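What you see is a predicted model, and the numbers here were worked out from it, not measured in a lab. Convention: sequence-line order gives letters A, B, ...; per-chain numbering from 1.
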Amino acid sequence: MSKDITSRSEDYSQWYIDLVRKAGLADYSAVKGCMVIKPYGFAIWENMRDTLDRMFKETGHVNAYFPLFIPKSFLSKEAAHVEGFAKECAVVTHYRLKNAEDGSGVVVDPDARLEEELIVRPTSETIIWNTYRDWIQSYRDLPLLINQWANVVRWEMRTRLFLRTAEFLWQEGHTAHATREEAIEETRKMLDVYATFAEEWMALPVVKGVKTTNERFAGAEDTYCIEALMQDGKALQAGTSHFLGQNFAKAFDVQFSSKEGTLEYVWATSWGVSTRLMGALVMAHSDDEGLIIPPKIAPHQVVIIPIPKPLAELDEAINNVAKELRARGIRVKIDTDDQNRPGYKFAEYEKLGIPVRLAVGARDLAAGTIEVARRDTREKQSVALDGIGDHVANLLDEIQRNLFERARTFRDERITRVDTWDEFVKTLDEKGGFISAHWDGTGETEDLIKDETKATIRCIPLNNPQEDGLCVRTGKPSSQRVLFARAY
RNA sequence: CGGGGUGUAGCGCAGCCCGGUUAGCGCAUCUGCUUUGGGAGCAGAGGGUCGCAGGUUCGAAUCCUGCCACCCCGACCA
């Protein structure tokens, strides 16, 4: 048991906070609701970001950057959009401070009031579509496939490190298309990119689906999502991809001349994932000893610890192993620090979640072996130094695979088909996870269930089998099951 | 905004009810020595506007008043 991390069974939520802080991912800041992302946490985010960025570029997108500030009037141009975000916007009203007359510091200069207030972007659809109006005149300008890496601000009343903070980092793709079909195809394509990233890099199994009207993005016609399950049985929305129809094109008057010579409104999509994925990563894989990071996104995939009896051969052996691993593209850290004892380091690197730990001492040298410990199962074994590069490379693949399989088994065991309301409530309280149940399709029933149980419809899975049934709450006819869960 | 709680060293806390030497303890930090295969031991050292302001008192971390901040629960949250 780790010395400074609360166990999951004792207090899951405290375990999460302890882990995030003690493993050096993030910390609270002087600003309420805002966090400091620390170097180790940022290194993981950089790996996620770089991978996603490459995937975006491989699917034809380019990066750009739009302003942090949005004129207040822009936000209100799309009715549903402003309705959805108005309550959590930070607003800039002045542009200057001055010395207080009583010498107590600086105060806002009342003479420096802005003509029009600026909103700190909660998302960039409005400023971007206002810009697209100037960029799009012809079908030849389409499609426009742009992504932005940025920070956004949503003034939430209650925050949690990574999962919900006032400011967070994300990417937002904003694309413009000539036809409805093409825009929908783009929406689905990016959902697939997210799902692939989640499963293959983060080892995070996800359900792809569509949101109900209640849960839809403010201003979208359809919101697609990937939903993941955390170890406490709560769901986490890991990414969304929106088909925006012509809503923003109409709000910002973005039209183009078609091949046929007619004037048409542009079709739009937007899609995003955020630093919230860091929270998903922590809660999906880690244990009471600390983080467990999938090899593909781990800042260090292997750490080598010399067991420090002063010995020149030891340095040589370690450097040779590191060289062999690095030649295979493996990210290796060598801990030559002689202040801390091996036992301390073992515990420390387990807390940091480094997938593979190698330990070498005089004993190993004599035997021509090295101690290999894998983080996911915490198993240790002695392996011949000869051929260690292949062994570790295979082990990293095996760990990546195992983490995914483990999470998928956990998730699949927690998708429960339920047909009665009693069962629904009981399953939610005792087992958690996703509940697959019939629903009459109305927002009223969805709200009712939410009020009574705090469970929401996470999504209607894609390719959902059609099946006649009765709504689990109202008994009205239903044509398919949907996934319910309590969520973050 | 409603209910509850907490502010004392970098972190975690005790002391407060019942006012009284130089405000303690653990971890961390620094120095030295011995250690090093699962979170080392000993010795020494440094570090404090006791959240802020006022009041009572010979004397306030402690009692009183006001204020501020943060945390938890709820409301809120694609």
Side-chain angles (χ1 to χ4, degrees), chain A residues 1-6 11 13-14 17-18 21-22 27-33 80-81 83-89 104 122-123 125 152 154-160 163-166 168 170 172 209-227 235-244 270-274 276 289-290 305-311 314 335-352 357-367 369-371 373 378 380 382 446 450-451 454 456-459 486-488:
Chain A
M1 179 76 65
S2 179
K3 259 165 87 175
D4 42 21
I5 300 172
T6 307
D11 184 344
S13 159
Q14 190 59 46
I17 294 166
D18 284 352
R21 300 180 70 184
K22 301 290 167 57
D27 214 337
Y28 295 114
S29 72
V31 184
K32 184 180 177 172
H81 191 67
E83 171 74 22
F85 286 106
K87 282 178 289 187
E88 52 190 46
C89 285
S104 61
T123 179
E125 275 78 6
V152 288
R154 297 181 187 178
W155 213 263
E156 307 282 0
M157 294 176 130
R158 187 96 175 263
T159 59
R160 295 190 83 172
L163 299 178
R164 183 173 291 110
T165 46
F168 55 92
W170 77 346
E172 45 181 327
V210 189
K211 288 291 187 190
T212 60
T213 311
N214 280 9
E215 301 282 325
R216 190 179 288 159
F217 174 76
E221 278 196 22
D222 261 320
T223 288
Y224 293 79
C225 63
I226 50 173
E227 292 285 329
L236 182 85
Q237 177 179 298
T240 47
S241 184
H242 315 290
F243 169 58
L244 302 174
S270 70
W271 28 273
V273 296
S274 71
R276 184 175 229 216
E289 308 302 324
I305 300 174
I307 306 298
K309 289 248 165 48
L311 205 59
L314 206 54
D335 186 347
T336 51
D337 175 302
D338 59 357
Q339 301 301 307
N340 293 308
R341 296 153 61 98
Y344 176 88
K345 293 181 182 178
F346 294 166
E348 200 59 23
Y349 289 115
E350 276 171 11
K351 188 163 75 186
L352 296 182
R357 182 185 74 230
L358 303 177
V360 209
R363 218 159 69 193
D364 301 282
L365 281 191
T369 62
I370 188 165
E371 184 185 85
R378 300 188 75 221
K380 288 194 287 198
S382 225
E446 197 178 351
K450 186 179 176 182
D451 288 345
K454 289 184 178 173
T456 51
I457 298 177
R458 300 318 304 158
C459 70
R486 291 197 177 119
Y488 278 100

Problem - Pair assignment for B:U62, Watson-Crick or G-U wobble, requiring both distances under 3.5 Å - result: none

Practice task
Sticking with atom C1', work out how far B:G12 lies from B:G7, rounded to a whole angstrom.
Solution key: 14 Å

Exercise for the section: Specify the separation, in whole Å, of atom CD of A:Glu83 and atom C1' of B:C76. Expected result: 14 Å

Practice task
Write down the partner of B:G38 under the Watson-Crick or G-U wobble criteria, each distance required to be under 3.5 Å.
Solution key: none

Problem - Donor-acceptor pair between A:Glu446 and A:Thr212 side chains, under 3.5 angstrom - result: yes

Exercise for the section: Scan every strand shown for a Watson-Crick or G-U wobble partner of B:A75, both distances under 3.5 Å, and answer none if you come up empty. Expected result: none

Practice task
Quote, to the nearest angstrom, the P distance that separates B:C68 from B:U29.
Solution key: 39 Å

Problem - Pairing nucleotide - B:U49, Watson-Crick or G-U, each distance under 3.5 Å - result: none

Exercise for the section: Measure the distance from CZ on A:Arg21 to C1' on B:A28 and round it to the nearest whole Å. Expected result: 15 Å

Practice task
For A:Arg363, report the nucleic acid contact type (base, sugar-phosphate, nothing); a contact means any heavy atom under 4.0 Å.
Solution key: base

Practice task
For B:G19, give its Watson-Crick or G-U wobble partner with both distances under 3.5 Å, or none.
Solution key: none

Handout entry: Spacing of A:Glu348 atom CD relative to B:A40 atom C1', expressed in whole Å
Key = 15 Å

Problem - Integer angstrom distance from the C1' of B:A53 to that of B:A69 - result: 15 Å

Problem - Nearest-angstrom distance from the residue atom CZ of A:Arg378 to P of B:G38 - result: 13 Å

Exercise for the section: Measure the CG-CD distance between A:Leu244 and A:Glu125 for me, rounded to the nearest 0.5 Å. Expected result: 6.0 Å

Exercise for the section: Would you check if the side chain of A:Asp18 reaches a backbone N or O of A:Thr6 as a donor-acceptor pair within less than 3.5 Å? Expected result: yes

Exercise for the section: Rounded to whole angstrom, note down the P distance from B:C13 over to B:G2. Expected result: 27 Å

Exercise for the section: Would you classify A:Asn214 as touching base, sugar-phosphate or nothing, given that sugar-phosphate means primed atoms plus P, OP1 and OP2, and contacts are heavy atoms under 4.0 Å? Expected result: nothing

Exercise for the section: Compare all side-chain heavy atoms of A:Val152 with those of A:Pro122 and state whether any distance is below 4.5 angstrom. Expected result: no

Problem - Nearest listed nucleotide, side chain of A:Glu88, among B:G38, B:G37, B:C77 - result: B:C77

Handout entry: Cationic N near anionic O, under 4.0 Å, A:Glu348 to A:Lys351
Key = yes

Handout entry: Interatomic distance where CG belongs to A:Leu314 and C1' belongs to B:U36 [whole Å]
Key = 12 Å

Practice task
Indicate yes or no for a side-chain donor-acceptor contact from A:Lys345 to the backbone of A:Asp337 under 3.5 Å, with no hydrogens or angles considered.
Solution key: yes

Practice task
Give a yes/no answer on whether the side chain of A:Arg341 brings an N or O atom under 4.0 Å of OP1 or OP2 in B:A40.
Solution key: yes

Exercise for the section: Classify the side chain of A:Lys380 versus the base of B:G38 as yes if they form a donor-acceptor pair under 3.5 Å and no if they do not. Expected result: yes

Practice task
Using the C1' atom on both, measure B:G54 against B:A9 and round to a whole Å.
Solution key: 27 Å

Handout entry: Closest-nucleotide 5' rank along RNA chain B - winner of A:Lys454 and A:Phe85
Key = A:Lys454

Problem - Distance in angstrom units between A:Asn340 CG and B:G37 C1', rounded - result: 15 Å

Handout entry: Same-atom distance (P) from B:C71 to B:U65, integer angstrom
Key = 26 Å

Problem - Euclidean distance for P, B:C30 against B:G20 (whole angstrom) - result: 36 Å

Completion exercise
A:Glu156 atom CD is separated from B:C76 atom C1', nearest whole Å, by 8 Å

Handout entry: Nucleotide forming a Watson-Crick or wobble pair with B:G7, both distances under 3.5 Å
Key = B:C68

Practice task
Can you tell me, in whole Å, how much space there is between the P of B:G5 and that of B:C63?
Solution key: 15 Å

Exercise for the section: Would you mind telling me which residue lines up with the more 5' stretch of RNA chain B, A:Gln339 or A:Lys450, judged by nearest nucleotide? Expected result: A:Gln339

Practice task
Could you tell me whether the phosphate oxygens of B:G38, OP1 or OP2, come under 4.0 Å of any side-chain nitrogen or oxygen in A:Lys345?
Solution key: no

Handout entry: A:Asp337 CG to B:G39 P, straight-line distance once rounded to whole Å
Key = 17 Å

Practice task
If B:C30 has a Watson-Crick or G-U wobble mate with both distances under 3.5 Å, name it; if not, just say none.
Solution key: B:G44

Problem - Geometric cation-pi criterion, A:Arg357 with A:Phe346: 6.0 Å, 45° - result: yes

Exercise for the section: Quick one: label A:Ala362 by what it contacts on the DNA or RNA (base, sugar-phosphate, nothing), any heavy atom closer than 4.0 Å. Expected result: base

Handout entry: Pair assignment for B:G12, Watson-Crick or G-U wobble, requiring both distances under 3.5 Å
Key = B:C25

Handout entry: Candidate nucleotides B:C76, B:G38, B:U36, ranked by approach to the side chain of A:Arg357 - the nearest
Key = B:G38

Handout entry: Expected output: side-chain A:Arg276 to main-chain A:Arg164 donor-acceptor under 3.5 Å
Key = no

